[in-house]
Amino acid sequence: MRIPFNKPYMTGGEIANILQAHANRQLAGDGEFTRRCCRWLEERTGSARALLTHSCTAALEMAAILADFQPGDEIIMPSFTFVSTANAFVLRGGVPVFVDIRPDTLNIDENLIEAAITARTRAITVVHYAGVACEMNAIMALAGRHGLLVIEDAAQGLMSDYRGRPLGSIGHLGAISFHETKNVISGEGGALLINRPELIARAEIVREKGTNRSRFLRGEIDKYTWEDIGSSYLPSELIAAFLWAQMGDADGITRRRLDLWQSYHAALQAQEEAGRMRRPVIPSGCRHNAHMYYLLLRNETARAAFIARLGQRGVGAVSHYVPLHDSTMGRRCARAHGDMMHTVQAANRLVRLPLWLGLEEHMNEVLEQVGLALGQA
Ligand SMILES: *Cc1c(COP(=O)(O)O)cnc(C)c1O
């Protein structure tokens with residue numbers, strides 16, 4: 001595509017940082033760059049502890065271990081999400097129970113959660129779609145009443161907040177992604193935010209192959225041993241060096257993305273009023289990070305025509321999730337509670353438009369092509 005859907009943004013500082021890690025002969029994880037990235041995350045989110053991981057998927061897997069999932073335990077989550085939200089718990093024998101999303105934000109419908117709770121329910125995993133917060137006050141209150149753990153899949157949510165609280169820092173655990181399709185990136189990468197101090201010690205062990213090596217490295221013990229289950233979840237310093245450059249530019253990245261998002265939003269208002277599609281909804285109290293600009297077209301046919309037309313003009317636009325409840329694994333290992341009407345509608349009607357730094361110079365053309373394609377869809 002001449003104007004692709006996504007193009008990873010480089011701040012310009014990444015290579016210098018990698019050279020620095022190289023010069024330091026510090027290649028394994030938890031060196032100086034990793035420490036800086038973790039501290040930055042803790043300062044920015046207010047989380048008690050941030051641990052870098054290979055990916056958001058790895059952070060979710062760690063969360064499932066820390067939640068002590070037993071085979072048959074249930075976890076309530078949306079079906080309109082990425083596979084890792086569910087897979088992390090299925091790996092521990094957990095059973096995802098899907099509830100429908102809200103038609104406005106496409107986030108889990110907080111009013112449908114309570115009816116899906118059973119004697120086996122242990123946790124709720126929320127997904128902040130497009131970096132727009134779920135209704136966390138209601139969800140945390142509900143979880144408190146039922147003694148459930150809340151895990152935030154904040155893969156798309158860095159630099160967003162809900163009533164002033166950064167996403168990923170509100171539930172008991174939060175997972176962030178630095179995949180190259182996100183706003184702040186390291187190619188592959190992620191972090192686990194631990195908001196309950198009593199989970200920190202075990203999280204460090206799980207991340208270090210089930211050993212207390214983190215304590216050893218801090219000089220707290222004189223040798224380290226096998227203490228728990230775990231795996232290798234920490235990224236190399238080379239990844240953290242790259243990520244540190246991105247974190248230094250996170251405010252600028254967010255500002256520029258918000259400008260692009262706003263250009264779409266303003267330019268498409270009239271088309272929405274004409275009934276051609278629906279634009280994203282940002283509830284009051286949510287400050288978002290412009291992770292995504294999407295449209296909901298009339299139906300699947302209109303969306304296919306729209307994507308094809310833009311593609312002919314060299315503009316990359318893409319659909320999003322195949323609902324998990326409707327996948328091979330979803331049918332085998334999970335179940336849906338209630339109807340999934342809004343989930344199915346979003347899956348069929350949603351299209352994501354290009355949004356990356358550097359798109360500014362193409363924006364007039366993109367807006368013109370989107371307008372023309374909407375007229376024909
Ligand atoms: C991107 C994404 C993930 C996976 O992130 P990785 O870092 O690639 O593992 C999980 N959940 C959601 C909602 C995502 O958008």
Side-chain angles (χ1 to χ4, degrees), residues 5-6 8 37 41 50-65 75-91 94 96 98-99 101-102 105-108 123-134 136 139 150-160 162 167-168 170-171 173-193 207 231-236 239-240 242-243 246-247 257 280 288-294 318-325 327 329-330 334 343 346-347 350 352 355-356:
F5 165 68
N6 184 52
C37 291
L41 282 167
L51 296 173
L52 286 198
T53 57
H54 291 307
S55 60
C56 179
T57 300
L60 289 166
E61 288 180 18
M62 284 182 64
I65 293 174
I75 177 154
I76 296 171
M77 63 175 67
S79 167
F80 190 66
T81 182
F82 189 63
V83 290
S84 297
T85 317
N87 225 351
F89 298 93
V90 172
L91 276 168
F98 302 120
V99 302
I101 51 174
R102 293 162 47 133
T105 57
L106 313 183
N107 284 331
I108 191 166
I124 303 167
T125 295
V126 300
V127 179
H128 304 296
Y129 188 68
V132 178
C134 297
M136 292 307 290
I139 292 167
V150 175
I151 296 149
E152 294 178 75
D153 181 339
Q156 305 172 13
L158 186 70
M159 308 295 285
S160 290
Y162 169 78
L167 302 191
I170 306 167
L173 294 161
I176 288 181
S177 176
F178 303 113
H179 187 264
E180 76 167 40
T181 52
K182 306 304 200 270
N183 293 14
V184 171
I185 62 175
S186 59
E188 304 282 349
L192 180 67
L193 301 183
R207 178 168 169 269
S231 189
S232 178
Y233 288 119
L234 66 164
S236 152
I239 296 291
F242 189 105
L243 181 60
Q246 293 265 324
M247 285 179 168
R257 292 188 72 98
H288 74 108
N289 59 0
H291 174 60
M292 189 192 298
Y293 199 86
Y294 67 79
V318 295
S319 62
H320 211 179
Y321 305 125
V322 175
L324 299 184
H325 75 274
S327 64
M329 274 298 280
T343 299
L350 186 139
R352 295 175 290 161
L355 207 177
W356 37 271

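Each ligand, and each atom within it, is numbered from 1 in the order the structure gives. Because the structure is a prediction, the values reported are computed rather than measured.
- By the 4.5 Å heavy-atom criterion applied to side chains, M136 and V150 are counted as neighbours.
- Numbered from 1 in the order shown, with element, the atoms of ligand 1 that lie under 4.0 Å from a heavy atom of G189 read 7 (O).
- To the nearest 0.5 angstrom, T53 atom OG1 is 10.5 Å from E188 atom CD.
- Ligand 1 has no N or O atom lying under 3.5 Å from any N or O atom of S84, backbone or side chain.
- Heavy-atom contacts of K182 reach the following atoms of ligand 1: 1 (C), 2 (C), 14 (C), 15 (O) (cutoff under 4.0 Å).
- Considering backbone and side-chain N/O atoms, C56 comes within less than 3.5 Å of an N/O atom of ligand 1.
- Scored by the salt bridge (Lys or Arg N to Asp or Glu O under 4.0 Å) test, R352 finds no partners at all (sequence neighbours excluded).
- In terms of N/O distances under 3.5 Å, ligand 1 is approached by D153.
- Y162 has its side chain out of reach of H128: every pair of non-hydrogen atoms, C-beta onward, lies at least 4.5 Å apart.
- For the side chain to side chain contact (heavy atoms under 4.5 Å, CB included) with F178, the qualifying choice from I239, N183, L158 is L158, the only one to do so.
- For ligand 1 and V127, the ligand atoms under 4.0 Å from any heavy atom of the residue are 13 (C).
- Counting heavy atoms from C-beta on, the side chains of R257 and L355 come closer than 4.5 Å.
- The closest side-chain donor-acceptor pair between S177 and H179, if any, does not fall under 3.5 angstrom.
- For atom 3 (C) of ligand 1, the nearest protein heavy atom (residue, atom name, distance) is F82 CD2, 3.6 Å.
- Taking the six-membered ring wherever Trp is involved, the centroid distance between the rings of H291 and Y129 does not fall below 6.0 Å.
- Atom 9 (O) of ligand 1 has as its closest protein heavy atom T57 OG1, 2.5 Å.
- Remark: minimum distance from atom 15 (O) of ligand 1 to any protein heavy atom is reached at Q156 NE2, 2.8 Å.
- Listed by atom number, the atoms of ligand 1 under 4.0 Å from H179 heavy atoms are 8 (O).
- The shortest N or O to N or O distance between S177 and ligand 1 is below 3.5 Å.
- In terms of protein heavy-atom proximity, atom 12 (C) of ligand 1 is nearest to A155 CB, 3.4 Å.
- Considering only residues two or more places apart in sequence or on other chains, T125 meets the side-chain contact (heavy atoms from CB on, under 4.5 Å) condition with I75, M77, T85, F89, I151, D153.
- Within ligand 1, the atoms closer than 4.0 Å to a non-hydrogen atom of Y321 are 13 (C), 15 (O), numbered from 1 in the order shown.
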